[in-house]
Amino acid sequence: MNAEQKVNLLNLDRSSMEQFFLSMGEKPFRARQVMQWIHQRGITDFEQMTDLAKTLRAKLQQEACVLLPEVTVDQLSIDGTRKWLLHMDGVENAVECVLIPEENRTTLCISSQVGCTLNCSFCSTAKQGFNRNLTTAEIIGQLYLAHHSLLRDGREQGVTNVVMMGMGEPLLNFDAVMSALNIMCDDFAYCLSKRRVTISTAGVVPAILKLRESTDVSLAVSLHAPNDELRNQLVPLNKKYPINQLLEACRSYLEGHNRRRITFEYVMLKGINDSLQHARELARILKNIPSKLNLIPFNPYPQAVYECSDRETIDQFREYVVNQGIVTVTRKTRGEDIDAACGQLVGKVMDKSRRSHNYQLSLKDITGLNHVSS
Ligand code: SAH
């Protein structure tokens with residue numbers, strides 16, 4: 001069997017791996033053993049999986065493989081943030097993945113697609129267009145690489161938190177993301193609690209409702225504007241799923257989970273969405289939803305048409321919403337010197353949407369701060 005026909009075991013969550021072993025005439029509990037070898041011990045060579053019978057190891061050698069993304073660039077920021085460029089399929093497509101060490105936890109920011117289809121006007125990933133969804137193996141492979149690199153460096157603890165806030169819209173790659181979440185939270189793999197795994201979405205309403213049926217990981221919603229008129233410009237997906245539908249889906253996501261909250265992300269764009277009037281509207285729409293608000297200072301990138309709000313403006317905005325009873329933090333920007341901050345992840349996208357091409361053209365005649373691409 002050549003490499004392409006082999007089953008990449010990184011694509012399989014526990015129940016799929018049990019099926020895989022059953023189809024080989026093996027006992028399903030082999031799935032737990034093999035998952036522990038791969039995900040917990042970082043062993044990908046079947047020969048080293050010593051509690052498997054020799055015949056089974058040989059069979060696995062024949063039919064299966066553990067194929068990881070390839071790290072092609074590894075950058076370390078002065079603040080300890082680390083960014084990897086990962087090639088997924090030879091030289092063609094690459095995504096970025098960021099490791100953020102803090103005092104008591106280490107957070108990994110994972111990508112879910114090569115590029116993105118949503119085209120948010122302030123996001124640099126959007127400018128690259130879209131190529132394809134990542135597979136489960138490519139998503140969980142990011143965690144594998146980060147986790148085992150920490151352990152290899154002698155850290156006691158690997159990755160403690162995962163945020164799906166890298167490139168792409170995770171809820172538009174639903175099935176692969178769900179399997180990856182299963183592996184993240186599996187006791188025989190990374191044992192992450194669901195509270196420590198966050199999916200961030202620009203607001204794919206039907207997928208939020210579907211997510212609720214399958215899991216209860218933490219949910220972050222990229223809101224960025226308090227009314228439809230402005231949000232239509234910043235997050236074009238809003239034209240399909242306007243704010244009231246989105247907030248309704250958020251409410252239903254929380255049903256039955258008394259102590260949980262939705263995190264709303266709000267990028268601070270100078271002169272666009274940062275006035276006290278915006279703060280007032282925002283406080284009003286979030287009033288009845290158990291929520292936390294993350295104010296994200298806009299991170300610039302070459303050719304960005306927006307600027308970050310002034311520190312003072314951000315503080316005033318924050319003070320206003322806090323006084324309205326909304327738990328709010330201004331996110332610290334990490335890894336700026338290596339372009340690893342929110343919205344700066346670009347990877348390498350063999351753009352199929354031609355958006356990157358159109359964007360280059362439209363940059364020539366930008367007249368205002370409106371949406372500038374195709
Ligand atoms: N598509 C998902 C996942 C991407 S998360 C989503 O939209 O939630 C990346 C987060 O960073 C989102 O909240 C996004 O809106 C925000 N972001 C994008 N570009 C940014 C920039 N230049 N500065 C700050 N935040 C940005």
Is [X] reaching over with its side chain to a backbone N or O of [Y], donor-acceptor style, under 3.5 angstrom?
X	Y	answer
His257	Leu254	no
Asn173	Ser112	yes
Arg212	Tyr253	no
Gln142	Glu138	yes
His87	Glu70	no
Ser111	Met167	yes
Ser214	Lys210	yes
Thr72	Leu85	yes
Ser252	Cys250	no
Asn11	Ala137	yes

[X] and [Y]: side chain donor to acceptor below 3.5 Å:
X	Y	value
Arg82	Ser77	no
Thr117	Glu169	no
Asp13	Ser16	yes
Tyr190	His39	yes
Thr44	Tyr144	no
Ser309	Asp274	yes
Asn238	Asp228	yes
Gln113	Asn133	yes

request  = Give the C-alpha distance, both sets of side-chain angles, the deciding distance and a yes or no for side chain to side chain contact (heavy atoms under 4.5 Å, CB included) between Lys6 and Glu63.
outcome  = CA-CA 5 Å; Lys6 289 186 177 181; Glu63 296 183 25; 5.9 Å; no
Is any side-chain heavy atom of [X] closer than 4.5 Å to a side-chain heavy atom of [Y]?
X	Y	value
Phe46	Val66	yes
Asn273	Leu230	yes
Glu307	Pro300	no
Leu118	Val235	no
Trp84	Val98	no
Asn161	Leu192	no
Leu234	Ile272	yes
Lys240	Val204	no

Exercise: identify the closest heavy-atom pair between [X] and [Y]:
X	Y	value
Leu22	Pro28	CD2-CD, 3.9 Å
Phe298	Ala304	CZ-CB, 3.9 Å
Leu246	Gly203	CD1-CA, 3.5 Å
Gln316	Leu276	O-CD2, 4.1 Å
Asp310	Lys270	OD1-NZ, 3.4 Å
Gly42	His148	N-CE1, 3.3 Å

For atom [atom1] of [X], decide whether the heavy atoms of other residues, nucleotides or ligands shown that lie under 6.0 angstrom number more than 12.
X	atom1	answer
Arg251	CZ	yes
Gln277	CD	yes
Glu213	CD	yes
Lys59	NZ	yes
Arg280	CZ	yes

task = Begin from the C-alpha positions of Glu102 and Lys332 and carry the test salt bridge (Lys or Arg N to Asp or Glu O under 4.0 Å) through to its verdict.
result = CA-CA 11 Å; Glu102 287 167 288; Lys332 257 197 283 168; 5.2 Å; no
In terms of hydrophobic clustering (I, L, V, M, F, W, Y; side-chain heavy atoms under 4.5 Å; direct or indirect links), are [X] and [Y] co-clustered?
X	Y	value
Val221	Val327	no
Val322	Phe317	no
Leu237	Phe130	no
Val162	Leu68	yes
Val329	Tyr266	no

Any carboxylate oxygen within less than 4.0 angstrom of a Lys/Arg side-chain nitrogen, looking at [X] and [Y]?
X	Y	value
Arg284	Glu281	no
Arg311	Asp315	yes
Glu265	Arg331	yes

request  = From the options Arg260, Arg196, Arg195, select the one residue that forms a side chain to side chain donor-acceptor pair (under 3.5 Å) with Ser218.
outcome  =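 Going through the options one by one, the only one that passes is Arg260.
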ask   = Do Lys27's NZ or CZ and the ring of Phe21 fall within the cation-pi criteria of under 6.0 Å and 45°?
value = no
inquiry  = Both conditions, 6.0 Å and 45 degrees, for the charged tip of Arg32 above the ring of Phe188: are they met here?
reply    =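 Checked: cation-pi criterion met.
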key: Worked verdict on Val34 versus Leu52 for side chain to side chain contact (heavy atoms under 4.5 Å, CB included)   = CA-CA 9 Å; Val34 169; Leu52 306 181; 3.9 Å; yes
inquiry  = Working note: Leu10 + Thr135, criterion side chain to side chain contact (heavy atoms under 4.5 Å, CB included); need CA distance, chi angles, decisive distance, verdict.
reply    = CA-CA 9 Å; Leu10 286 182; Thr135 62; over 6 Å; no
query = Run the side chain to side chain contact (heavy atoms under 4.5 Å, CB included) check on Ile208 and Leu171 step by step: do they pass?
reply = CA-CA 8 Å; Ile208 294 175; Leu171 293 187; 3.8 Å; yes
